Amino acid sequence: MSLKQKTLDLQKRMASAVMGGGEKAIEKQVAMGKLPARERINAILDTDTFHEYDLFVAHQARGFDMEKKSLNADGVITGTGKIMKHSVCIFAQDFTVAGGSLGLAHARKITKIMDQAMKLCVPIIGINDSGGARIQEGVNSLAGYGEIFYRNTLASGFIPQISVILGPCAGGAVYSPALTDFVFVVEKVSKMFITGPEVIKTVLGEEISMEELGGAKVHAEITGNAHFYATSEQECFEQIKKLITFIPFNNKKKADPYPSKPPKTKYILEEIMPADASQPYDMRDIIKCVVDDSDFFEVQKHWAGNIVIGFARLNGETVGFVANQPLVLAGVLDVDSSDKAARFVRFCDSFNIPLVTFVDLPGYLPGIDQEHAGVIRHGAKMLYSYSEATVPKVTIILRKAYGGGYIAMNSRHLGADFVFAWPSAEIAVMGPEGAANIIFRNEISNAPDPDQLRKDKVEEYKEKFANPYVAAAHGYIDAVIEPNESRSYLINSLEIAKNKSESRPTKKHGIPPF
Ligand code: HXC
């Protein structure tokens with residue numbers, strides 16, 4: 001055969017291999033409202049940047065008639081490409097080929113592209129759409145999962161890892177996304193669960209749909225497994241592209257700078273915050289007044305709404321925001337919000353993204369539910385991750401900073417580089433009402449008019465402690481600033497902290513309160 005003939009032969013082989021499970025299976029996939037795997041890859045990547053590898057990898061499974069089956073690409077497409085000009089490694093499971101099930105060759109393709117991503121120091125993106133362990137391949141499938149989880153763990157904190165759930169992700173398969181940094185889900189398309197509806201029916205006798213059990217909304221709103229929720233695959237791909245612009249290639253690099261833009265939102269900050277300290281406001285409005293182009297890219301928007309986390313830019317540089325949300329539960333810290341913020345702080349710290357913390361919270365949420373759900377253990381994660389973080393850390397106390405909440409929200413005592421407070425800041429062990437009731441209990445109960453004395457004592461306490469000046473007198477905050485100076489103080493502090501170098505005691509690793 002001449003080279004020309006061999007080239008034609010290659011083209012023929014490729015044309016057949018890229019057909020996945022064949023036309024009918026692809027039609028079925030599309031009828032379910034799902035894009036075929038290659039189209040997904042091309043929709044995420046910049047035009048014509050995808051280079052596929054291992055198209056001709058073939059399974060070696062025997063038994064259950066497997067020797068008769070040639071599974072195209074073994075049900076997973078792997079390669080490299082670019083997103084918004086950023087190089088990435090990517091894989092997408094192809095449900096049209098044996099339900100995207102994971103056998104040994106399929107797993108080896110994934111672990112190979114993960115190894116490449118780690119060697120090339122670029123992010124890895126995995127699109128999951130699979131019936132799970134390939135039943136015919138038995139323990140080899142389990143081995144494959146184990147080898148993926150192992151690499152997820154090695155890659156954690158070294159390169160960004162992104163999981164996109166675009167179909168079923170069942171059984172042990174869910175643990176790879178759970179080990180990655182960001183999980184994207186799409187309404188009606190994504191399904192994630194450990195045990196499916198049939199097992200639940202058999203074992204527990206309960207009827208439940210896949211959607212109710214582990215649909216996109218469940219993971220975006222209830223479990224917190226998902227970080228981004230979209231109503232269509234296309235919207236999901238736009239979210240992935242946006243995320244990529246905010247994060248670096250790896251833990252040795254910084255995210256790409258962008259041209260600095262002033263905030264679009266022109267509110268006066270004093271007018272967003274209500275005069276009455278018991279009234280809520282939307283913390284996102286404050287963030288948007290401060291950041292470049294008023295562009296705040298929120299993470300886990302639909303879960304644990306009492307804390308807001310996300311990426312933005314200040315003077316063109318990526319920063320990670322952690323801020324209490326007075327609109328939800330007055331912005332208290334609880335089990336879920338502590339988990340949410342603590343993990344985000346660790347992501348930012350791993351990937352050289354400075355942290356900005358906005359504080360307005362009455363403390364940790366009291367009550368038996370929270371105590372029994374482990375608010376001590378979960379709340380401790382906040383202390384651990386802020387204390388451990390060595391990236392530049394700047395805090396602004398907007399209003400309430402009470403009790404443990406004051407300490408946990410990146411206080412000076414946990415290593416903040418700069419702490420500022422608005423004149424509205426109230427820094428105290430607890431709120432004035434609670435404090436007056438405790439320390440003046442006897443005086444109040446013995447008074448001729450207890451209610452009047454209580455009011456007087458609350459005022460007295462407020463006057464003394466519910467302000468930023470006691471903390472300022474101790475040097476725990478660096479400056480009391482006017483709200484409209486917040487952006488310039490943040491930019492200036494982060495600029496000065498650019499060359500920050502802080503080390504921690506040498507150890508194998510710490511033991512966070514997981
Ligand atoms: C082999 C599989 C498969 C699997 C699906 N297929 N899952 N083949 N191993 N795990 C095949 C089907 O036989 C079918 O082949 C094709 O893929 C499409 O599947 P359908 O069932 O027709 O699709 P659909 O009706 O959309 O249902 C999708 C599904 C269902 C809900 C995912 O297929 C299903 O329940 N699959 C089994 C899920 C599961 O229990 N997996 C094991 C989990 S345990 P044909 O040839 O007919 O087209 C696990 C342990 C991992 O993963 C532990 C790691 C630590």
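Just so it is clear, the structure is predicted and the values come from calculations on it, not from any experiment. Note that these values count all heavy atoms, side chains included, but never hydrogens, waters or copies made by symmetry. Throughout, numbering of the chain's residues begins at 1 and tracks the sequence. Remember, it's 1-based here, ligands and their atoms both numbered in the order they're listed.
Between the side chains of D334 and N306, at least one donor N or O lies within less than 3.5 Å of an accepting N or O. With 3.5 Å as the limit, one finds no donor-acceptor pair spanning the side chains of S130 and S101. Under the 3.5 Å distance criterion, with hydrogens and angles disregarded, a donor-acceptor pair is assigned to the side chains of N410 and T395. No hydrogens or angles considered: nothing links the side chains of Y258 and T318 as a donor-acceptor pair under 3.5 Å.
For G99, a nitrogen or oxygen atom sits less than 3.5 Å from a nitrogen or oxygen atom of ligand 1, counting backbone and side chain alike. For F95, no nitrogen or oxygen atom sits less than 3.5 Å from a nitrogen or oxygen atom of ligand 1, counting backbone and side chain alike. Between A173 and ligand 1, not a single N/O pair is under 3.5 Å apart. Close N/O approach between I135 and ligand 1 is found [any backbone or side-chain N/O within under 3.5 Å].
A ring-centre distance under 6.0 Å is not found for H219 and F184. Ring pair H86/F249: centre-to-centre distance below 6.0 Å.
In this pair, F311 and F246 present their aromatic rings parallel. The plane angle is below 30°, not in the 30 to 60° band.
Put simply, the side chain of I162 does not reach to within 4.5 Å of the side chain of I124, judged on heavy atoms. Between L494 and L314 there is a side-chain heavy-atom pair separated by less than 4.5 Å.
Within 4.0 Å of atom 22 (O) of ligand 1, at least one protein heavy atom is present. Protein non-hydrogen atoms do reach within 4.0 Å of atom 28 (C) of ligand 1. Atom 14 (C) of ligand 1 is not flagged as protein-proximal [any protein heavy atom, distance under 4.0 Å]. Using a 4.0 Å threshold on non-hydrogen atoms, atom 48 (O) of ligand 1 does not count as touching the protein.
With G75, G131, A170 as candidates, the residue nearest to atom 39 (C) of ligand 1 on a non-hydrogen basis is G131. Residue G171 holds the heavy atom nearest to atom 44 (S) of ligand 1 of all those in G167, G22, G171.
Relative to the ring axis of F228, K301 does not place its NZ or CZ within 45° and under 6.0 Å from the centre.
Ligand 1 has P168 within reach: a non-hydrogen atom of the residue lies less than 4.0 Å from it. Ligand 1 lies nowhere less than 4.0 angstrom from a heavy atom belonging to Y175. Not close to ligand 1: E198, with no non-hydrogen atom less than 4.0 angstrom away. Within the structure, ligand 1 has Q136 among the residues with a heavy atom less than 4.0 angstrom away.
The protein heavy atom nearest to atom 6 (N) of ligand 1 is A98 O, 3.8 Å. The protein heavy-atom contact nearest to atom 10 (N) of ligand 1 is A133 O, 2.9 Å. Ranking the protein heavy atoms by distance from atom 25 (O) of ligand 1 puts K28 NZ, 4.6 Å first. Of the protein's non-hydrogen atoms, S101 CB, 4.0 Å is the one closest to atom 3 (C) of ligand 1. For atom 31 (C) of ligand 1, the nearest non-hydrogen atom of the protein is M210 CE, 3.7 Å. Counting protein heavy atoms only, atom 51 (C) of ligand 1 is closest to G172 N, 3.6 Å.
Of the candidates I125, I240, I90, L45 forms a side chain to side chain contact (heavy atoms under 4.5 Å, CB included) with just one, namely I90. Considering R38, K109, Q93, R40 as possible partners of I77, the one that fulfils the side chain to side chain contact (heavy atoms under 4.5 Å, CB included) test is R38.
Interface of Y145 with ligand 1, defined as ligand atoms under 4.0 Å from a residue heavy atom, comprises 51 (C), 54 (C). Less than 4.0 angstrom separates some heavy atom of F149 from each of these atoms of ligand 1: 55 (C).
Between F321 and F344, the shortest heavy-atom distance links the atoms O-CE2, 3.5 Å. The minimum heavy-atom distance linking T96 with Q29 is given by the pair CG2-CB, 4.0 Å.
Contacts between L142 and ligand 1, counted as non-hydrogen atom pairs separated by less than 4.0 Å, involve the side chain only.
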